[in-house]
Amino acid sequence: NKTAPQPWQAIAQRFCSIGILCAGDEELAPFLPLISNCKITEKAMLKFHAGQIDSVEVVALFSGVCKVNAAIAAQLLIDVFCVDIIINSGTAGGMEPELEIFDTVISTEVCYHDVAPDILTEFHPWMNSVFFVADPKLIDMSKSAVDKLSTSGKVVWGRMVTGESFITDESRQKINDEFAPLTVDMETASIAHVCYANDIPFIAIRCVTDTEKHSGVDNFDKNCAKASSIAKDITVALLREIKKSW
């Protein structure tokens, strides 16, 4: 697999900006009161909130659910707002049986569970495997950030998978057998895909809203606000760690 992008020397030499990309408005909501000097720009039917969180330049938005919406948002963050890093923050369904509601997973690698592997390996972007690897320095920083927090639930690092549907019981086992992921969602791999193609450091922070034992859209709806707040806390702590590296 292509080595994850690490343009940290270039980032350290200038004032950088970080994109915070959420899928839904409820996942973005905890960030909005934290953004000072916020300026809203609308493009491609999306609202980009640019300002500072703890003196870190950020551009935050929700893309809407699904892979294409998330990819549009990620590319605009890079092309229009010139972000240097993208953090995907939000919620996910738990796939690993030991994960419980309000546990958080931070990505080490991400893939699609509903895309034929040769689409990525035989065609653009000509990958050696189906996995988009999270930036190793961001992974290390996230561990330092979590060490300084007291969060609801545990935090673990590992594989996420993405596909174009809310996972039900009949599809869960097939995905687990093929990929053995910790979580599943509808956006992360597409954001990682865009970052890979643009050599932009990427990491995802997803808090669990539903599991095999507590599955379904009703559980997602019930737990989304609290899970989004937990993901926000870890994301903001990571921003502080990134700032220290400048």
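Throughout, residue positions are numbered sequentially from 1 according to the sequence presented.
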Peer 1: Honestly curious: do V68 and L46 fall in one hydrophobic cluster under the side-chain, below-4.5 Å linking rule?
Peer 2: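 Yes, same cluster.
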Peer 1: For S55 and K243, work out which heavy atoms get closest and say how close.
Peer 2: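 Nearest pair, atom of S55 first, then K243: CB-NZ, 3.3 Å.
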Peer 1: On a heavy-atom basis, which atom in S63 and which in A70 lie closest, and how many Å separate them?
Peer 2: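 Taking S63 first and A70 second, the nearest heavy atoms are OG-CA, 3.6 Å.
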Peer 1: Hydrophobic cluster membership, with links at side-chain heavy-atom distances under 4.5 Å among I/L/V/M/F/W/Y: are I85 and M141 in one?
Peer 2: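 Yes, I85 and M141 fall within the same hydrophobic cluster.
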Peer 1: Do S190 and Y112 have side-chain heavy atoms sitting under 4.5 Å apart?
Peer 2: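 Contact flag for S190/Y112 side chains = yes.
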Peer 1: Verify, without hydrogens or angle tests, whether E187 (side chain) and C66 (backbone) share a donor-acceptor contact under 3.5 angstrom.
Peer 2: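 Yes.
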Peer 1: Distance from N223 atom CG to I230 atom CD1, nearest 0.5 Å?
Peer 2: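 Separation between the atoms: 9.5 Å.
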Peer 1: Do you know the tightest heavy-atom contact between I242 and I87?
Peer 2: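 For I242 versus I87, the nearest heavy atoms are CD1-CD1, 4.3 Å.
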Peer 1: Is it true that the side chains of D147 and S144 contain a donor and an acceptor less than 3.5 Å apart?
Peer 2: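 No, because no side-chain N or O of D147 sits under 3.5 Å from a partner of the opposite role on S144.
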Peer 1: A side-chain contact here means heavy atoms from C-beta on lying under 4.5 Å apart; do H193 and L120 qualify?
Peer 2: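 Contact flag for H193/L120 side chains = yes.
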Peer 1: Is a side-chain donor or acceptor of T162 paired with a backbone partner of A189 at a separation under 3.5 angstrom?
Peer 2: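 Looks like yes, one N/O pair under 3.5 Å.
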Peer 1: Kindly indicate whether the side chain of I53, heavy atoms from C-beta on, has any atom under 4.5 Å from the side chain of T235.
Peer 2: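 No, every pair of side-chain atoms sits at 4.5 Å or beyond.
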Peer 1: When you measure from the centre of the six-membered ring of F102, is the NZ or CZ of K226 closer than 6.0 Å and no more than 45° off the axis?
Peer 2: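 Here K226 passes the 6.0 Å and 45° test against F102.
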Peer 1: Just how far is it from atom OG1 of T183 to atom CZ of R159, taken to the nearest 0.5 Å?
Peer 2: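 Reported value, rounded in 0.5 Å steps: 11.5 Å.
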Peer 1: Under a 4.5 Å cut-off applied to non-hydrogen side-chain atoms, are C16 and E57 in contact?
Peer 2: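 They are not in side-chain contact.
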Peer 1: With the side chain counted from C-beta on, respond yes when E164 and K67 share a heavy-atom pair under 4.5 Å apart, and no when they do not.
Peer 2: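 Counting from C-beta outward, E164 and K67 do come under 4.5 Å.
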Peer 1: Check for a donor-acceptor pair, side chain of H49 on one end and backbone N or O of L61 on the other, with a separation under 3.5 Å.
Peer 2: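 Checking the backbone N and O of L61 against the side chain of H49, no donor-acceptor pair under 3.5 Å is found.
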Peer 1: Under 3.5 Å, is there a donor-acceptor pair between the side chain of R206 and the main chain of T91?
Peer 2: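 Looks like yes, one N/O pair under 3.5 Å.
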Peer 1: Which pair of heavy atoms, one from H124 and one from A197, lies closest together, and at what distance?
Peer 2: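 So the minimum-distance heavy-atom pair works out to CE1-CB, 4.5 Å.
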Peer 1: Do L76 and L21 belong together in a cluster built from hydrophobic side chains that touch within less than 4.5 Å?
Peer 2: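 Yes; L21 is reachable from L76 via cluster members.
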Peer 1: Would L77 and I86 count as a side-chain contact (heavy atoms from CB on, under 4.5 Å) here? Give the steps.
Peer 2: CA-CA 8 Å; L77 281 171; I86 292 181; 4.1 Å; yes
Peer 1: Closest approach of L182 and V156, non-hydrogen atoms and distance?
Peer 2: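 Nearest heavy atoms, L182 then V156: CD1-CG2, 3.9 Å.
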Peer 1: Any non-hydrogen side-chain atom of D54 less than 4.5 Å from a side-chain atom of L239?
Peer 2: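 Answer no - side chains too far apart.
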Peer 1: How far apart are the closest heavy atoms of T211 and V208, and which atoms are they?
Peer 2: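 Here T211 and V208 meet closest at CG2-CG1, 3.8 Å.
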Peer 1: How far does CD1 of I72 sit from NZ of K43, to the nearest 0.5 angstrom?
Peer 2: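 If we round to the nearest 0.5 Å, I72:CD1 and K43:NZ are 12.0 Å apart.
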Peer 1: Given 3.5 Å as the limit, does a donor-acceptor pair link the side chain of D135 with the main chain of K137, or not?
Peer 2: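 Yes: the side chain of D135 pairs with the backbone of K137.
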Peer 1: Could you grab the distance from atom CD1 of I205 to atom CG of L238, nearest 0.5 Å is fine?
Peer 2: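 Result: 5.0 Å between the selected atoms.
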Peer 1: Keeping the roles fixed (side chain from D103, backbone from E100), state whether a donor-acceptor pair exists under 3.5 Å.
Peer 2: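 Pair found, side chain donor or acceptor close to backbone of E100.
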Peer 1: With distance as the sole test, does S36 use its side chain to make a donor-acceptor pair with the main-chain N or O of Q52 at under 3.5 Å?
Peer 2: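 Yes; at least one donor-acceptor contact below 3.5 Å.
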Peer 1: Just wondering, are more than 12 heavy atoms of other shown residues or ligands nearer than 6.0 Å to NZ in K47?
Peer 2: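 No, because the 6.0 Å sphere around NZ of K47 holds 12 heavy atoms or fewer from other groups.
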Peer 1: Please round to the nearest 0.5 Å and tell me the distance separating atom NE2 of H113 and atom NZ of K174.
Peer 2: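 That separation rounds to 9.0 Å.
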Peer 1: Do W157 and S107 get their side chains close enough for a donor-acceptor pair, meaning under 3.5 Å?
Peer 2: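 Side chains of W157 and S107: no pair found under 3.5 Å.
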Peer 1: Are the side chain of E26 and the backbone N or O of C224 linked by a donor-acceptor pair below 3.5 Å?
Peer 2: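 No, E26 side chain to C224 backbone: no donor-acceptor pair under 3.5 Å.
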Peer 1: Just wondering, do F179 and C111 contact through their side chains at under 4.5 Å, heavy atoms?
Peer 2: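 Yes, close enough: below the 4.5 Å cut-off.
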Peer 1: Take L138 and F202 through the test side-chain contact (heavy atoms from CB on, under 4.5 Å) and record every step on the way to the result.
Peer 2: CA-CA 8 Å; L138 287 176; F202 166 82; 5.7 Å; no
Peer 1: I'd like to know whether K232 forms a side-chain contact (heavy atoms from CB on, under 4.5 Å) with E27, so could you lay out the CA-CA distance, the side-chain angles of the two residues, the decisive distance to 0.1 Å, and finally the verdict.
Peer 2: CA-CA 8 Å; K232 176 268 296 180; E27 292 163 301; over 6 Å; no
Peer 1: Is it true that L149 and I139 fall in one hydrophobic cluster, defined by side-chain heavy atoms closer than 4.5 Å?
Peer 2: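 Hydrophobic grouping puts L149 with I139.
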Peer 1: Determine whether I203 and I106 make a side-chain contact, defined as any pair of heavy atoms from C-beta on separated by less than 4.5 Å.
Peer 2: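 SC-SC contact between I203 and I106 confirmed.
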Peer 1: Determine whether a donor-acceptor pair (N or O, by modelled atom type, separation under 3.5 Å) exists between the side chain of T108 and the backbone of G158.
Peer 2: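 Looks like yes, one N/O pair under 3.5 Å.
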Peer 1: Given I18 and V83, is the side-chain contact (heavy atoms from CB on, under 4.5 Å) satisfied, shown in steps?
Peer 2: CA-CA 5 Å; I18 298 172; V83 300; over 6 Å; no
Peer 1: What's the separation between atom CD1 in I78 and atom CG in D199, rounded to the nearest 0.5 Å?
Peer 2: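 Nearest 0.5 Å value for the CD1-CG distance: 10.0 Å.
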Peer 1: Do N88 and T188 have side-chain N/O donor and acceptor atoms under 3.5 Å apart?
Peer 2: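 A pair is found: one side chain offers a donor N or O, the other an acceptor, under 3.5 Å apart.
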Peer 1: Are I119 and F132 grouped together when hydrophobic residues (ILVMFWY) are joined by side-chain heavy atoms under 4.5 angstrom apart?
Peer 2: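 Yes, one cluster joins them.
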Peer 1: Looking at V194, is its backbone amide N or carbonyl O close enough to the side chain of Q75 to form a donor-acceptor pair, meaning the two atoms are under 3.5 Å apart?
Peer 2: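 The answer is no, because no donor-acceptor pair under 3.5 Å joins these two groups.
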